[in-house]
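The first residue in the sequence is number 1, and the count goes up from there.
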Amino acid sequence: ASAEQEQQAAQEAAAKAPILPDKQFDVPELHWFDARISFMGDTVQAMKLPLEHMEAKVTLQDGRIRVDPARVDLAGGKVETSVDLDAPSGVLNGDLDLTLRNVRLNKLLAAFKVDVGAIQMEKEGVGTFGGRAKLTIQGNSIRDMAATADGELAVIMGGGQINPLIIEALGLDVGEI
């Protein structure tokens, strides 16, 4: 294969890469020690997501993980979450409480390199959105936890609209999941 074909194949594979990681957590090791961690960082390297100014407090005790709170700036807005996980049967399960405030849709879309030529970005996708999720989760990877999430979710958007082409470009068409 030519260098161009290899590059195109690599780009196509990257485009099809899952949004949520499926790397498994090593659950038995969570019982090996207890810890309290406080973290603050101005720069966050998160592949596609425009994240900044992260702060988190993590407690690991007797195999139970509690993150409360975790805060990060996302696309001009704020994300705050708390997570409480335990694995009595070898599979992590617990609760997730997440709040989004004033996230700028156009800044978020720019991070995903959405081709907005046909989407009329001046009129669509320039609003801000926020939301709240209170979920029970189960699984030993972030992808598994998202797949088993159950609970309440609300999203509110002001000052813009989400064109179906934006949803399709992000690969987030719920009807196809």
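Annotation for M54 and V44: closest pair CB-CG2, 3.6 Å, computed over non-hydrogen atoms. Taking every heavy atom of both residues into account, A87 and V27 meet most closely at CB-CG1, 3.3 Å. The two residues G94 and L85 come nearest to each other via the heavy atoms N-CD2, 3.9 Å. The two residues P88 and N93 come nearest to each other via the heavy atoms CD-ND2, 4.1 Å.
The distance from atom CD of Q61 to atom CZ of R66, rounded to the nearest 0.5 Å, is 12.0 Å. For the atom pair CG of L92 and CG of N140, the computed distance is 5.0 Å after rounding to the nearest 0.5 Å. Note: I137 CD1 to I142 CD1 = 9.5 Å, rounded to the nearest 0.5 Å. In this structure, T59 OG1 and R36 CZ are separated by 6.0 Å, a value rounded to the nearest 0.5 Å. To the nearest 0.5 Å, atom OG1 of residue T43 and atom NE2 of residue H53 are 8.0 Å apart.
Tested against T81 for a side-chain contact (heavy atoms from CB on, under 4.5 Å), the candidates L100, L96, V72, T99 yield a single pass: L96.
Side-chain contact between R132 and D97 is present, with at least one heavy-atom pair separated by less than 4.5 Å. Using a 4.5 Å heavy-atom threshold, the side chains of M145 and L135 count as separate. Q24 is listed as a side-chain neighbour of S141, based on a closest heavy-atom distance under 4.5 Å. A heavy-atom distance below 4.5 Å is found between the side chains of D62 and D34. By the 4.5 Å heavy-atom criterion applied to side chains, K78 and N102 are not counted as neighbours. Looking at L30 and L60, their side chains come closer than 4.5 Å, going by heavy atoms from C-beta outward.
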- Task: Test K107 against L74 for side chain to side chain contact (heavy atoms under 4.5 Å, CB included), laying out the working first.
- Result: CA-CA 9 Å; K107 190 170 180 178; L74 169 65; over 6 Å; no
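Residues L98 and I156 do not share a hydrophobic cluster, defined by chaining ILVMFWY side chains whose heavy atoms lie under 4.5 Å apart. There is a path of hydrophobic side-chain contacts, each under 4.5 Å, that joins I65 to I37. Under the 4.5 Å side-chain heavy-atom criterion for ILVMFWY residues, a single connected hydrophobic cluster contains both V155 and V103. When hydrophobic clusters are built by joining Ile, Leu, Val, Met, Phe, Trp and Tyr residues whose side-chain heavy atoms come closer than 4.5 Å, directly or via intermediates, V67 is not grouped with M40.
Residue E4 qualifies as open at atom CD: its count of foreign heavy atoms under 6.0 Å is 12 or below.
Salt bridge annotation for K134-E152: absent, with no cationic side-chain nitrogen under 4.0 angstrom from a carboxylate oxygen.
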